[in-house]
Each structure stands twice: as C-alpha cells, then as structure tokens.
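Read through the structure below, which is laid out as structure tokens, and then see the notes.
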2 protein chains.
Amino acid sequence: MNLEQIAKLSGVSRSTASRVINNDPNVSDNARENVKRIVRLMNYVPNAAARGLAAGRTQVIGLVIPTGVSALFSDPYCSILIQSVSSACNAHNYSVMLWIAQPEYERRQIHQIVRSGAIDGAIIAPTLANDTLVQALLAGSLPFIVIGHYPANGRVNYVDADDILGAHEAVRHLLRMGRTRIATITGPQNTITGIDRLMGYMHALRECGLPVESDLIAAGGFSEGGGYIAMQQLLPHRPDAVFAANDIMAMGALRAIRDTGLRVPQDIAVVAFDDTPLAARAEPPLTTIHRPTHQVGNLAVETLIEMIEYPKSSPYRIMLPTELIIRSSCGAAFKEKLAC
Amino acid sequence: MNLEQIAKLSGVSRSTASRVINNDPNVSDNARENVKRIVRLMNYVPNAAARGLAAGRTQVIGLVIPTGVSALFSDPYCSILIQSVSSACNAHNYSVMLWIAQPEYERRQIHQIVRSGAIDGAIIAPTLANDTLVQALLAGSLPFIVIGHYPANGRVNYVDADDILGAHEAVRHLLRMGRTRIATITGPQNTITGIDRLMGYMHALRECGLPVESDLIAAGGFSEGGGYIAMQQLLPHRPDAVFAANDIMAMGALRAIRDTGLRVPQDIAVVAFDDTPLAARAEPPLTTIHRPTHQVGNLAVETLIEMIEYPKSSPYRIMLPTELIIRSSCGAAFKEKLAC
DNA sequence: CTGAAAGCGCTTACAG
DNA sequence: CTGAAAGCGCTTACAG
C-alpha cells in the first residue's frame, strides 16, 4: 500500500494525498476528509526511507554515549539520560538511534552514520574534554548538541548541569559542618565533569583560606572500586570529610571507611554528586548534589529539534543549576557550627 | 557527493560503483581499486535513505523496552540489555533504534514505525505476558524476536534465560541449607518473568513435599520499595528464608529485615535473582541466580540478523541456563545440612 | 486548492 | 565483468 494507491482510492492526486498526510493547510476540507478516511481504512503508513530521501529529513535523532561498558552497568546516570532523551523524542515525534560507543572502531561507524543522512541531528552525551566525534561534527553540517559544556569552543551548543557550582556547594556544606580536612575523590581528569567537580572543590577551599593538599586528592575513575581504593589512599592522611565526585565512588568510599571501622558521618563526613537512586539507599543515605539529569535530557532534545527545524537560530548554552540534597552522610544532624 | 560523481571520477558506471561499495564479487580488480580510491579520497558515505528505499533494507533494528520509567532507573538489568544489544548490533554493522515505551501513545508510535520500513527487524524486551505489540508484530511480516519466552504461541521466536529452572535452583539451595519456611517475594504476575520465577519456587517446594503457603508469598513489583513492603508483610509469618524474584526487591527485603533487628543469613536467609552489580555490593553480598543478560542480548541480535538475512530458516527458541552464585546472604557458610 | 512532473540517491534485474 | 535503465515511494517547486 503506497501513496499512489491511497491517492487513487481517495480520488485525488499523489500531491494532494501527500499534502494531507503532511498536514499542509492548502487542501480543501473535502479532499482532506477523503484521504484521511482511506488512510485509516487501509491502515496506511508512509515509507520512511522514501520520505527521508525526498524530504531530506528522517525524523530521527542520534544519541551517542561514549561510555565504556562498565560505567553504563553501574551508573544509573546514563540510564536516566537515555530514558529522558527517548521519551522527549517520542513526545516530539522523533525516533532515537542509540550508540553506546567506547572502542574506536565503533566510533568510526558513527562518523559514517553522521554523514549518511540517517539522522537529522545528534546528541553527544558525557564526552571527554576533546572528543574526536565533536571535532568531526564541528567540521560538518549536522545539527548537534553536547551534554556537558565546551568552554574551549564557543561554537558548540550544549546543555549541562553546573558542575563547578555544584561541587563548590558540596564542599561549602562540609565546611559549614565544621570540617577542615576535606578530601576529594575525583573523576577522570580527561572528562569535563571530572575536571569541573575538582575545580569546584578547590575553589571552595581557597575561598575559605584553606590549603589544597595533594595528599587529600585521589582519583577514583567514577567507579565503585575506584572510590574504594581512592578512599584507602586518603585515609592515612586523616581527612575528616570527603567529597566524592559521584555517587558510585561515594559508595566505594563508604565501604572503605566501614572496613577500617570508622563511622560516617561522625569520623568522616561524606558528600557525593549526582543524586542517583543509589544515594538515597546507601548506608547511611548520602548527602549529595542533585543533578537535573532528566531536565538535561529533555532540554537537549528540545533544543536540538529547534536547531533542526529553525536552522538560523543563535547558539545555545544552557546551564542548569544543581541542588544540595541533605541526608545523613554529612553530619548535618550532628553539628551546626561554622568553620568558615 | 553522490554515487554518480564517484562513478564518474572512477571512470566506471554507477552500477559498478555501487557493486564495489556493496562488496559484490563480480567486479574487476581494476575497477574495484579505482572506485575504492575515489571513495576514500572523497570521503564518500552512501545515503542511507536512498539505500533503504532502493534495497528495501535499512540496516537498522529496533529495540523496544516496554518498561516504565521507574524500572529503568533502578534496575541495571535494562541497562545491560541495552548495552549488549547496542554493541552486538554495531559489531554486525547494524544500528539500533531505541524505544522505551510504557504509555499507550508511545506504543502506537511504534506500531507505525514497524510498518514504515524504518527497521529491518525488532527485538522486544521484557514484555508482559500478552503484549499487544507482539500481537501486532505476529500479524505483520517484520522479523522480530522476543526476549522472554512465549509458551502461549509457538510462532514467536525468542531467546530467554530459564527463569523457572533458575528459581527452582534458588529455592533448592535454601532447602539444602536446612531452611523449611521459605517465603518468596514475587514480581508482577502479568509478567512472564514474574510468573516463571514463582512457578520455579512452587515446584521446588512441592518436589520436596513442602506446602505452598499463601502467607509466605508476597508481591514486590520488582522494585526496591515493593520488596521492602513485601518483606514487612512476610515477617509476621516467621519465614526462615526468602527467595526474592530479583536483586532489587532483595535489597528492599534486606532493608526491611535489618530494620526489625533480624540478621541475614542467621535468622533469615536470602536468595535473589539476576546477579546485577547490585547483588555483589549488598550488605551482606547476595547469593543470587546469575542471569546471562549479556549473552541473551547478543544472541537476540545475532538470531534476528539471521532471520533478516536468511528469511526461510526455522523458528528459534533459545533458552539459556542460569547459574547459582553463592555469596553470603544464604548462610552457605553457616550450615550444610540438608532439609530435603 | 490542485495536479503533472521532476527529482531525491541509490540497487538490481537484464542484456550483453 | 559491465552499463543502461527501471524503479524504490515519497516531497515539492511550478504552473495553473
């Protein structure tokens, strides 16, 4: 069943049939009625490939998450992002093509797709600080938006949560709780998120006149195991608090602290980042910085669709605020004296 | 840059250029050389829509996960499935289109897509026992494969883990540990997985001559909160063990047990199902049934691709074995006497 | 408001 | 092994 046949059955030309299917207002009520009836009757659905070829648009957007296998397994952050992008797309009548791409060969495939006209635009999620895919996209003409900001390049559209301010707030909260030897477990420093959260940590300390001690900084690679090991490295330096750059690493830190017999928050206060479902269920429940992932995903697709449909518009730089969620791991219930 | 131009630059016809691009063996080495060189030089990528229209195949498969928002957030199972399907597709030069579809309106959209020729085949993940999408697919001609078996319909191709045997093994393990009042927290009973895991539980008890007491069965809806509440309902009936139909509910059960001051496994042994990353990190680490999700995802795409490329082949019914993973929550370290 | 026609960029019998 | 040609099923100026 194709347009031709629908047109014939409706007693109009293919052009007119096409117009009613695409909601073109320049159609008589009568013709519209007839075509719609036949479409319903025949259960007609236009062929996507033909449409894509003729119109130059496919009504699908690509979502690429350049994250290794491991991260996706354990970090709900990615799941939430995928879910929110998927549902926002569906709500706007777009479909989403997904690539979870770490290895180089998979990425090469994506480079191809991007040039094949298979998608109308792309959303690139948690990228490294200088992602080759972003470079390629920049050189091409496909609309795209990055999740995570690109301070280095003013031409990149992005939507992001404000990691620097978030981390800053996390550490300020610990300072407010009276902690003075505040350690941090960092994410990978080739990652924008990893870098920003460390910067926020340093800013907060400096602002308070406290030194930034390298002994109190350990890399946790955004993984639970990494958080565990990092905490073990930090412990000998007697921190009284730790800011973990994500919830997962905080889980590892909690485990390391527990294993040495210390208590959270009495001996060591912990603040994390992301506010994934893990945080609320940790023992003790984690004080953490809420990252508006759902909103980020929604805005990314809405912005991208606007870029696709109204190509002339100005650059998008959307920075969403984070929020401190106070639970039990920071000792907010125990003391209220200010160190700063 | 299109095929026409590539052909011209290579000094061959469009047909020949197309042949080398599609690896047709019937091309002279000379022509092949020339075209390949030009393709590389011009960085040519064939237009996907045109290809799809002409060839009738798009080289993309659809993955639909009819799961609510909540489940995807908290259950790593879905993430792992998405990841494994995605990587298997990429490895076979297919792309994946993703739908995470709960609400009916989103599903209607999928019905359209399926008929639009946008995908060559579909994988339908954790479905309800009588999914309307599956019914529609059955009526159409698009190759598809279900994750989860369809005992009710012999024409449905599927790949699945053997939930009945898995649950059976879980409960037998508890019996072996000397437990006799074994409760279960079930998944939704409109879910194949939920039903099967309950069946496995009942089989194991009956096989052992033990009664199936309705007081020892509580629904947990596959969620953490549901598991918590279910465990609270079970506790007054003094179970000495509980089989939770997934890891997440086991986490909730653990929390409920802890809240009443009872110990795991001394007072109540716990066995879960799925072996998601959560299980190993629980307190205490959960004994659970490993579900080979990664393998399921891989096999689903490999089978689907075979169905797409060699349409005549026989039905596929692939049932993968599960495996009991013994950790600390079942008391295997405490006693070894057999009750049965 | 409508239709005839060109065109989107490929693949694939077909004939040689 | 190769090319001319038909065709995949739409959209969209264009002219009326």
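None of these values were measured; they are calculated from a predicted model.
- Contact record, B/Arg155 with B/Leu138: NH2-CG, 3.7 Å, taken as the closest heavy-atom pair.
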As a check on the pairing definition, encode DNA chain C in dot-bracket form, counting Watson-Crick and G-U wobble pairs whose two distances are under 3.5 Å, and using | for partners outside this strand. |||.||||||||.|||
Kindly indicate, with the supporting measurements, whether the criterion side chain to side chain donor-acceptor pair (under 3.5 Å) is fulfilled by A/Ser84 and A/Asn298. CA-CA 6 Å; A/Ser84 63; A/Asn298 279 323; 5.5 Å; no
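- A residue-by-residue look at B/Pro25 and B/Ala50 shows that B/Pro25 has its nearest nucleotide of DNA chain D further toward the 5' end.
- Across all strands shown, B/Ala31 has heavy atoms under 4.0 Å from sugar-phosphate atoms exclusively, and none from any base.
- OP1 or OP2 of C/dT2 has not a single side-chain nitrogen or oxygen of A/Ser13 nearer than 4.0 Å.
- Nucleotide D/dC10 holds its P atom 10 Å from the CE atom of A/Met1, rounded to whole Å.
- Between the CZ atom of B/Arg19 and the P atom of C/dC10 there is a distance of 16 Å, rounded to whole Å.
- Contacts of A/Ser28 with the nucleic acid, taken as non-hydrogen atoms under 4.0 Å apart, involve only primed sugar atoms and P, OP1 or OP2.
- Between the CD1 atom of B/Ile6 and the P atom of C/dT11 there is a distance of 12 Å, rounded to whole Å.
- Applying the 4.0 Å criterion to OP1 and OP2 of D/dC10, one finds that A/Tyr44 has a side-chain N or O inside that range.
- Within the structure, every side-chain polar atom (N or O) of B/Ser15 is placed at least 4.0 Å from both OP1 and OP2 of D/dG3.
- Across all strands, B/Asn26 comes closer than 4.0 Å to base atoms (heavy-atom distances).
- For the atom pair CG (A/Leu299) and CD1 (A/Ile145), the distance works out to 8.0 Å, reported to the nearest 0.5 Å.
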Yes or no on side chain to side chain contact (heavy atoms under 4.5 Å, CB included) for B/Asn47 and B/Asn2, after CA distance, side-chain angles and deciding distance? CA-CA 8 Å; B/Asn47 179 283; B/Asn2 61 20; over 6 Å; no
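- Each of C/dT2, D/dG9, D/dC8 was ranked by its minimum atom distance to the side chain of B/Ala54; first place goes to D/dC8.
- Comparing D/dC10, D/dA6, D/dG3 against the side chain of A/Arg14 picks out D/dC10 as the nearest.
- Here the side chain of A/Arg51 is nearest to one of D/dG9, D/dT11, C/dT2, namely D/dT11.
- Rounded to whole Å, the P atom of D/dA6 lies 22 Å from the corresponding atom of D/dT2.
- Around the CD atom of A/Glu33, the shell of radius 6.0 Å holds no more than 12 heavy atoms that belong to other residues, nucleotides or ligands.
- C/dT2 atom P lies 10 Å from atom CG of A/Asp24, rounded to whole Å.
- Atom CD in A/Glu4 sits about 13 Å away from atom C1' in D/dG7, given to the nearest Å.
- At least one side-chain nitrogen or oxygen of B/Asn22 sits closer than 4.0 Å to the OP1 or OP2 atom of C/dT11.
- Rounding to whole angstrom units, CZ of residue A/Arg32 and P of C/dC1 are separated by 9 Å.
- If you measure from atom NZ of A/Lys8 to atom C1' of C/dG3, you get 14 Å, rounded to the nearest angstrom.
- Side-chain proximity of B/Asn2 to C/dG3, D/dT11, C/dG9: nearest is C/dG9.
- With C/dC10, D/dT11, C/dG3 as the choices, the nucleotide that has an atom nearest any side-chain atom of B/Asn47 turns out to be C/dC10.
- The shortest side-chain heavy-atom distance between A/Val64 and A/Ile110 falls under the 4.5 Å cut-off.
- When the P atom is compared between C/dC14 and C/dC10, the two are found 24 Å apart, to the nearest whole Å.
- Protein atom CD of A/Glu33 is 14 Å distant from nucleotide atom P of C/dC1, rounded to whole Å.
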Salt bridge (Lys or Arg N to Asp or Glu O under 4.0 Å) assessment of B/Arg291 paired with B/Asp162: CA-CA 8 Å; B/Arg291 182 184 167 114; B/Asp162 197 327; over 6 Å; no
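- Separation of atoms CG (B/Leu98) and OG (A/Ser95) is listed at 10.0 Å; rounding is to 0.5 Å.
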